Colleague: 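Next up is a structure, given as structure tokens.
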Amino acid sequence: MLTRRAAQLRTHPGEVSFPGGRLDAGEIPEEGALREAAEEIALDRGSVEVVGRLTPLSTLSSGAAITPVVGVLPSRPKLVVNPSEVERVFDVALADLAVVEVFREERLAVLGTLSPVWFFELDEDTVWGATARILVELLRLVLDV
């Protein structure tokens with residue numbers, strides 16, 4: 001599941017991201033991920049089988065710490081966006097992200113050094129930043145690309 005963040009949000013407005021947000025006191029990442037997905041897109045927590053975590057990372061622009069949590073669903077869920085947080089929710093097959101025409105890499109100066117920055121060009125959105133880094137790790141693990 002990917003979302004386009006609502007335009008009025010204070011950080012990363014209009015950007016594509018995964019459902020998620022800050023952890024509440026005492027929450028572990030899996031609990032926070034499921035709670036945030038329920039709040040943002042009405043995902044039924046009980047329908048998600050959490051299968052693991054990816055490598056923790058942070059956003060370059062705001063320094064937000066992210067612990068990606070991966071879950072699977074038995075079928076395509078019925079989702080409802082919370083318009084105060086999400087403009088749009090959508091999914092894309094991992095195989096579609098691995099298509100050469102969809103993926104691109106640029107070398108940009110990040111913190112004084114040239115670093116790879118990855119982009120996925122979708123029909124209606126460009127995925128980049130931390131979300132693209134998470135997707136690249138997931139693609140490497142699942143599809144070995």
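If you're wondering where the values come from, they're calculated on a predicted model, not measured in any experiment. Quick note: residue numbers are just sequence positions, from 1.
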Colleague: If Ile, Leu, Val, Met, Phe, Trp and Tyr residues are connected whenever their side-chain heavy atoms lie under 4.5 Å apart, and connections chain through other members, are L139 and L54 in the same group?
Modeller: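 Yes: a chain of side-chain contacts under 4.5 Å links L139 to L54.
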
Colleague: Would you name the heavy atoms of A109 and L114 that are closest together and state the gap between them?
Modeller: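 That would be N-CD2, 3.8 Å.
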
Colleague: Is any side-chain heavy atom of D44 closer than 4.5 Å to one of P77?
Modeller: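 The answer is no, as the side chains (C-beta and beyond) never meet within the 4.5 Å cut-off.
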
Colleague: Going hydrophobic residue to hydrophobic residue with side-chain gaps under 4.5 angstrom, can you get from L94 over to V99?
Modeller: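 The answer is yes; both residues are in one hydrophobic cluster.
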
Colleague: Does a side-chain heavy-atom distance below 4.5 Å link V72 with V48?
Modeller: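 Not in contact.
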
Colleague: Specify the closest pair of heavy atoms between E36 and G21, including all atoms of both residues, with the distance to one decimal.
Modeller: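 Smallest heavy-atom distance, with atoms named: CG-N, 3.5 Å.
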
Colleague: Is any side-chain heavy atom of F120 closer than 4.5 Å to one of V16?
Modeller: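 They are not in side-chain contact.
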
Colleague: To the nearest 0.5 Å, what is the distance between CZ (R35) and CD (E40)?
Modeller: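 Reported to 0.5 Å precision, the distance equals 9.0 Å.
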
Colleague: In this structure, would L73 and V51 fall into the same cluster of hydrophobic residues linked by side-chain contacts under 4.5 Å?
Modeller: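 As far as the 4.5 Å side-chain criterion goes, V51 and L73 are not connected within one cluster.
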
Colleague: Mind checking the CD-CZ spacing from E85 to R5? Nearest 0.5 Å is all I need.
Modeller: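 Those atoms lie 8.0 Å apart.
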
Colleague: Can you find a pair of side-chain heavy atoms, one from E30 and one from R53, that are under 4.5 Å apart?
Modeller: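 Side chain of E30 against side chain of R53, heavy atoms only: contact under 4.5 Å found.
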
Colleague: With no hydrogens and no angle check, is any side-chain donor or acceptor of T59 less than 3.5 Å from a backbone partner on A64?
Modeller: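 Judged by distance alone, yes, a pair lies under 3.5 Å.
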
Colleague: Can you name the closest pair of heavy atoms from E27 and D24 and give their distance?
Modeller: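 Shortest heavy-atom contact: OE1-N, 2.7 Å.
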
Colleague: For residues L57 and V127: do they belong to one hydrophobic cluster (side chain heavy atoms under 4.5 Å, members Ile, Leu, Val, Met, Phe, Trp, Tyr)?
Modeller: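 They do share one cluster, since a chain of ILVMFWY contacts under 4.5 Å joins L57 to V127.
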
Colleague: With a 4.5 Å cut-off on side-chain heavy atoms, are L122 and L97 touching?
Modeller: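 Result yes, sub-4.5 Å side-chain heavy-atom pair found.
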
Colleague: Taking side chain as C-beta onward, heavy atoms only, is V92 less than 4.5 Å from V102?
Modeller: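 Not touching, per the 4.5 Å side-chain cut-off.
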
Colleague: Classify the angle between the aromatic ring planes of F103 and W118 as parallel (below 30°), tilted (30 to 60°) or perpendicular (above 60°).
Modeller: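 Ring orientation, 0 to 90° scale: tilted.
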
Colleague: Nearest 0.5 Å, please: how far is CD1 in I41 from CZ in F18?
Modeller: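 Between F18 CZ and I41 CD1, I get 11.0 Å after rounding to 0.5 Å.
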
Colleague: To the nearest 0.5 angstrom, please state how far the CG atom of L108 sits from the OG1 atom of T113.
Modeller: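 Answer for the CG-OG1 pair, L108 versus T113, is 10.5 Å.
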
Colleague: Run the side chain to side chain contact (heavy atoms under 4.5 Å, CB included) check on L141 and V70 step by step: do they pass?
Modeller: CA-CA 12 Å; L141 289 169; V70 179; over 6 Å; no

Colleague: Got a sec, which hydrophobics cluster with L23, joining ILVMFWY side chains under 4.5 Å apart, including via others?
Modeller: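 Other cluster members: none.
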
Colleague: On a heavy-atom basis, which atom in R4 and which in G14 lie closest, and how many Å separate them?
Modeller: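 Scanning both residues completely, I find the closest heavy atoms to be CG-O, 3.4 Å.
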
Colleague: Okay, side chain of E121, backbone of E101: is any donor-acceptor separation there less than 3.5 Å?
Modeller: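 No, E121 side chain to E101 backbone: no donor-acceptor pair under 3.5 Å.
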
Colleague: Would you mind listing every side chain to side chain donor-acceptor pair (under 3.5 Å) that reaches into residues 134-145, with sequence neighbours excluded?
Modeller: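 Listed once each, the pairs are T55-E137.
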
Colleague: Using every non-hydrogen atom in the two residues, find where F90 and T3 come nearest and quote the distance to one decimal.
Modeller: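 Looking at all heavy atoms of both residues, the closest pair is CE2-C, 4.3 Å.
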
Colleague: With V89, which of L2, N82, V81, L43 fulfils side chain to side chain contact (heavy atoms under 4.5 Å, CB included)?
Modeller: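 Single pass found, and it is V81.
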
Colleague: Test of understanding: clusters of I, L, V, M, F, W, Y form through side-chain heavy atoms closer than 4.5 Å, transitively. Do I66 and L34 belong to the same one?
Modeller: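 No, I66 and L34 fall in different hydrophobic clusters.
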
Colleague: With side chains defined as the heavy atoms from C-beta onward, is the minimum distance between E15 and L9 less than 4.5 Å?
Modeller: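 E15 vs L9: side chains apart.
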
Colleague: I'd like to check the side-chain contact (heavy atoms from CB on, under 4.5 Å) partners of D91; sequence neighbours left out, ordered by chain and number.
Modeller: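 side-chain contact (heavy atoms from CB on, under 4.5 Å) list for D91, sorted by chain: R76.
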
Colleague: Could you give the distance from NZ (K78) to OG (S47), rounded to the nearest 0.5 Å?
Modeller: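 K78 NZ to S47 OG: 14.0 Å, rounded to 0.5 Å.
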
Colleague: What are the two closest heavy atoms between Q8 and P83, and how far apart are they?
Modeller: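 For Q8 and P83, the tightest heavy-atom pair comes out as NE2-O, 3.3 Å.
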
